[in-house]
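Data first, discussion second: the structure below is written as structure tokens.
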Amino acid sequence: MADPIVYVEQRIAAAFAKVAGAKADGIDTAVRSSDRADAQVNGSIALAKAMGLTPRDVATKVLEVADLKDICSDAQVAGPGFINLTFQNEFLARELMSSSASEKLGVRNATKPRKIVIDYSAPNVAKEMHVGHLRSTVIGDALVRMLMFVGNTVVRENHVGDWGTPFGMLIEHLVDLGETHAANELSVGDLDSFYRSARKKFDESEQFQARARARVVLLQGGDAETLRLWKLLVAESTRYFQMIYRTLGVLLEDTDIMGESAYNNLLPQVVERLGKLKMLTTSDGAEVVFAEGFVNRENQPLPLIIRKTDGGYNYATSDLACVIDRVERLNADLLLYVVGAPQAQHLQMVAAVSKQAGWLNSSREMVHVSFGNVLGADKKMLKTRSGETVKLDALLTESVERAAAAVAEKNPELSDVAKAKIARTVGIGAVKYADLSTDRIKDYTFDWDRMLSFDGNTAPYLQYAHARICSIFRRANVERASVRSFEPVISHTAERELAMRVLQFDSALWDTIDKYSPHRLCTYLYELATSFSSFYEQCPVLKAETDAERTSRLMLCDLTARVMQAGLNVLGIEAPEQM
RNA sequence: GCGCUCGUAGCUUAAUGGAUAGAGCAUCUGACUACGGAUCAGAAGGUUGGCGGUUCAAGUCCGUCCGAGCGCGCCA
């Protein structure tokens, strides 16, 4: 326990229960941070009516019962019935020590650790990764890291698009080019042109279309030679994905790939099981499930197509197979899908059918971690086939280059090796942070300048705060660990503000996890950095007035840096010691 | 047509139903020979798309209208 608000909340809740008894049930007695005091309680107003008292009377009683004298220097009923709390500096100091002593910096572990399968990134074989994949990859990876941080078991799954009708055309194109030539073309990372040429042939030549269709049949029938060619495509693409992932610094590995093809042999089983459950209906020649509450344009029930008229399966079948696999083989109790908002209805239908079939229930659920569309400067969807796609590796390269220019300007004395390393850390961090720091649900306007700007609420600003602290310790020639158990003395306002902020890491991270919204942690870290910068201006550390004050401030600096580093780390962003 | 999402300062945005809507960018005014100026302090900038409702309290919930985007049977 380190967050004073979390701590006082328990006492307040108990006090409310004592004062109001059962009437307090369902009343929000949460304690929140406030700009009028350290914390604010506001359940009294809601309770007043039920108790036949004025809100201020309720608040006064609660305050009497809670008896917060040992931790609060001030506790007052204010306004219509709020309780404003001010914590004692000694209490904050104790909490800082508790946080400093804990490996997880005061963050509570999950009370019930879960097994969580998280589906993210999902690029397509033989296609370039673009900004849409950036969102899924970066958001998904941040969630993986924070869910693991609080003690969950997390399984990463990269649902790569490696199966289906386009592969007929891609394989035939590969055959036309010759394997060596095709491999060369694919290995230079120019996947889009490969895909486009195949597409062009497909659109222009009926003969090619026929070949492509025949090839799909061979592929799905397991023809050895076709599979060999298919694997060639997959292998080249996988190498390309891994290159991007390594550059991006995400956790995804080859072994996390569970492409559509991986579920191929489960597909007949899906049909069989749905059939046994009497959920299948034949409609227009296709085998479908009608999930309740979904209608089409004509207000007719909207089906989930399990088996097409031609006997083939499609992505709904494969997604259902996924659910079965994740629940039954992996024994997951939470399935997260970090997938764009346009898939919302599809995923709802998959969830509805899975529930109806009994694969999912209230303790095994799937959650769509949806994110907004990526828009161009014209505020229109960035389309994949328009040819105007921003390629991910080009984006990352440019970001690192811009960061390199900044490093060269600010720190010309650093070695070339150090400069290059910092440029990568800063450049990649900036891109990831730009993606993570706004509410994922909203549409996202792609903007080079904003993404690569190093001012304001950006990764470099947070990294800079961290680097400055490291610099203080370098100059002081003091081991970071040596100040960690020192009990700090809080006197200056800026010091106190920073202390309060540091202690909120726990609630900020949990708030982020509860909503699967990384931008909340970003906001917290930005505020932490702001508080530190302000402290840094106002409170000399190395030239503090006394040794005790100096050590106290060093302790606070160390803890701030550790929280910053841990916070950036769960976002998948590195915190350099110099920049 | 039906459904989902979004609409906050010039721009980019934050805000569990809580008091005076909080930041950054841009603009303007200031600041150290103290630990890194990729900084800090301050000013100005808002009828939270409109109207109505629920509530002690609404940017937030409900209704309605306007605007934008996405989805809606065999592509994934």
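Proteins get letters first, then strands, A, B, ... in listed order; numbering begins at 1 in each. The analysis underlying the following values was restricted to heavy atoms, covering all of them including side chains, and did not include hydrogens, waters or symmetry mates. The structure presented is a predicted model; accordingly, all values stated were derived computationally and were not measured.
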* Quickly work out the A:L525 CG to B:A23 P distance and round it to whole Å. => 18 Å
* To do: Would you mind telling me which residue lines up with the more 5' stretch of RNA chain B, A:Y526 or A:E9, judged by nearest nucleotide?
  => A:E9
* Structure fact -> Atom CZ of A:F532 and atom C1' of B:G36 are separated, to the nearest Å, by 10 Å
* Give a yes or no on whether A:K421 atom NZ has more than 12 heavy-atom contacts from other residues, nucleotides or ligands under 6.0 Å away. => no
* Could you tell me whether the side chain of A:R468 has a donor or acceptor atom within less than 3.5 Å of a complementary atom in the base of B:U39? => no
* OP1 or OP2 of B:U16 sitting under 4.0 Å from any side-chain N/O of A:R520? -> yes
* Asked: Looking at B:A34, B:C70, B:G73, which one has an atom nearest to any side-chain atom of A:P540?
  -> B:A34
* **Base B:C74 paired with A:T309 side chain (donor-acceptor, <3.5 Å)** => yes
* Asked: What nucleotide, of B:A38, B:C40, B:U16, holds the atom closest to the side chain of A:V426?
  -> B:A38
* To do: Could you tell me the separation between the CD atom of A:E527 and the P atom of B:G22, rounded to a whole number of Å?
  => 13 Å
* Between A:F535 and A:H492, is the ring centre distance below 6.0 Å? -> no
* To do: Starting from P on B:U12, measure out to CG on A:N457 and report it in whole angstrom.
  => 16 Å
* Rounded distance in Å - CG (A:D443) to P (B:C11) -> 17 Å
* Just checking A:N314: base, sugar-phosphate only, or nothing, at a heavy-atom cut-off of under 4.0 Å? -> sugar-phosphate
* Structure fact -> Taking B:A38, B:C40, B:G73 as options, the one with an atom nearest any side-chain atom of A:E298 is B:G73
* What is the nucleic acid contact for A:F294, judged by heavy atoms within less than 4.0 Å: base, sugar-phosphate only, or nothing? -> nothing
* **Side-chain donor/acceptor of A:S283 to base of B:G73, under 3.5 Å** => yes
* Taking atom types as modelled and ignoring hydrogens, do the side chains of A:D57 and A:T60 form a donor-acceptor contact shorter than 3.5 angstrom? -> no
* To do: May I have the distance from A:Q343 (atom CD) to B:C75 (atom C1'), rounded to whole angstrom?
  => 11 Å
* Heavy atoms under 4.0 Å, any strand shown: does A:R475 hit a base, just sugar-phosphate, or nothing? -> sugar-phosphate
* Centroid-to-centroid, A:Y263 to A:H159, below 6.0 Å? -> yes
* Counting N and O atoms only, with roles assigned by atom type, does the side chain of A:S136 sit under 3.5 Å from a partner on the main chain of A:V338, one being a donor and the other an acceptor? -> yes
* Ignoring hydrogens and angles, answer whether the base of B:A76 and the side-chain atoms of A:Y315 contain a donor-acceptor pair closer than 3.5 Å. => yes
* Structure fact -> Note: for A:T165 and A:K543 on RNA chain B, the residue whose nearest nucleotide lies more 5' is A:K543
